[in-house]
> 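Take a look at the following structure, please.
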There are 2 protein chains.
Amino acid sequence: MDAEARRREIAEAVWRVVRRDGVPGASVRAVAREAGTSMGSLRHWFATQDDLLVFAMTLVQERARARVLAVVSAAGPDTTRGLRALEEVLPLDDERRAETEVWLALTARALVDPRLAALRDGSAEDLLALCALVLREPGALRPGLDPALEAERLYAVLDGLALHAATRPAALPADRAREVLAAHLGSLRDTR
Amino acid sequence: MDAEARRREIAEAVWRVVRRDGVPGASVRAVAREAGTSMGSLRHWFATQDDLLVFAMTLVQERARARVLAVVSAAGPDTTRGLRALEEVLPLDDERRAETEVWLALTARALVDPRLAALRDGSAEDLLALCALVLREPGALRPGLDPALEAERLYAVLDGLALHAATRPAALPADRAREVLAAHLGSLRDTR
């Protein structure tokens, strides 16, 4: 089996375990069992729980990037494209909720682990750049608004909603999170 | 020594350890050493790392509530009061950064521990209520805006900025976080 196919197989096993048992349940042992392999043969991929978290977060980034790219690369003007691109990184279904939980676990662990911090910072830069891109769509930003400040503000709304929808789903259901995000983008729009 | 004085002494030891070594460094053993007492005598306060996190988060809530109350209980109209109240829960100095780190650690751990989730949910309700209160100040909300939606949106901005200022202080320094929050409140204000 080539390296890429092997990596995909391990990645799918990691993902099934994270979705089923959450980040704390995703031990190296659990992933080995899920992938039908030995712990020894997983050493190439990750030796520790933190290595596994790095692997899982890398998967989250790959998955989210691919979905966002599919939305933003469509040609032609489209006033809903920005909203749809940002929705790809909100926990609006079980898949994206699992991704948000991986991100949150990594963000907390990164406070004490510089290697995790680098991955978290890369993810933050991606998302801030996505917010800036969304605001550069024609008509997305009224004249007089500061693009850099608005990108930071949109990024705060996005991560705040992701955090709240993942941790308080009863108080902030998916539809409501989407509605708040849409209202925020609407408040910035050039409606002349 | 009475129970309240003893609790205050333990709380101060917990707080010094959290500020110095972060949440992961705040073990029961480290707190016992800091308080100049035995691990046995701390069993009354917390037996496990999660108990200690609950104790630390309870302290964070008490401290933040006291500061917010001092700001919001001042009499008379004051257009900067809402901003100043919300700034009390942003990581704009070392004290509040330590508080934000405790909150973030608890939020991540709460994904798998119902007892921690209850504490996190209580904190979330407090903050959402604070956002709603700030928007009820005279002139804080333009006619036509939906108060419940704007409270959720402000809460997302607040927690998003708290998360970013705590985890990316170089990318989002304290002054910039304050500026983005002020811009958000300004965008909602009734300027007639």
> Specify which of B:Leu104, B:Leu149, B:Val157 makes the most heavy-atom pairs with chain A at under 4.5 Å.
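Sorted descending by pairs with chain A, the first entry is B:Leu149.
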> Checking B:Ala151 against chain A: side chain, backbone, both or neither under 4.5 Å from a heavy atom?
neither
> Can you tell me how far CG of B:Leu53 sits from CG of B:Leu106, rounded to the nearest 0.5 angstrom?
5.0 Å
> Group every Ile, Leu, Val, Met, Phe, Trp and Tyr by side-chain heavy-atom contacts under 4.5 Å, then state whether B:Val71 and B:Leu158 land in the same group.
no
> Could you look at A:Ala171 and say if it's the side chain, the backbone, both or neither that has a heavy atom under 4.5 Å from chain B?
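Interface part for A:Ala171: backbone (N, CA, C, O).
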> If you group Ile, Leu, Val, Met, Phe, Trp and Tyr by side-chain heavy-atom gaps below 4.5 Å, do A:Leu90 and A:Leu163 land in one group?
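No; tracing contacts between hydrophobic side chains, which count when under 4.5 Å, never links both residues.
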> Any ring-ring contact (aromatic ring centres under 6.0 Å, His included) pairs touching residues 57-85 of chain A, not counting sequence neighbours?
none
> Write out the donor-acceptor pairs between chain B and chain A under 3.5 angstrom, atom names and distance to 0.1.
from, atom 1, to, atom 2, distance (Å)
B:Arg120, NH2, A:Thr167, O, 2.9
B:Arg153, NH1, A:His184, ND1, 2.7
B:Arg153, NH1, A:Ser187, OG, 3.4
B:Asp159, OD2, A:His164, NE2, 2.7
B:His164, NE2, A:Asp159, OD2, 2.7
B:Thr167, O, A:Arg120, NH2, 2.9
B:His184, ND1, A:Arg153, NH1, 2.7
B:Ser187, OG, A:Arg153, NH1, 3.4

> Taking all heavy atoms of B:Ala177 and all of B:Leu161, pick out the closest pair and write down the distance.
O-CD1, 3.6 Å
> Check whether B:Leu172 and A:Leu119 end up in the same hydrophobic cluster, where Ile, Leu, Val, Met, Phe, Trp and Tyr are linked by side-chain heavy atoms less than 4.5 Å apart.
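In one cluster with B:Leu172: A:Leu119, no.
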> Please, which pairs that meet ring-ring contact (aromatic ring centres under 6.0 Å, His included) have at least one residue in residues 54-89 of chain B, sequence neighbours excluded?
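Of all non-adjacent pairs touching residues 54-89 of chain B, those that pass ring-ring contact (aromatic ring centres under 6.0 Å, His included) are B:Phe46-B:Phe55.
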> State which residues pass side-chain contact (heavy atoms from CB on, under 4.5 Å) with A:Ala26; sequence neighbours excluded, sorted by chain then number.
A:Val17, A:Val18, A:Leu52
> A:Ala165 versus chain B, heavy atoms under 4.5 Å apart: side chain, backbone, both or neither?
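For A:Ala165, no heavy atom lies under 4.5 Å from chain B.
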> Between A:Leu181 and chain B, with a heavy-atom cut-off of 4.5 Å, which part of the residue counts as in contact: side chain, backbone, both or neither?
neither
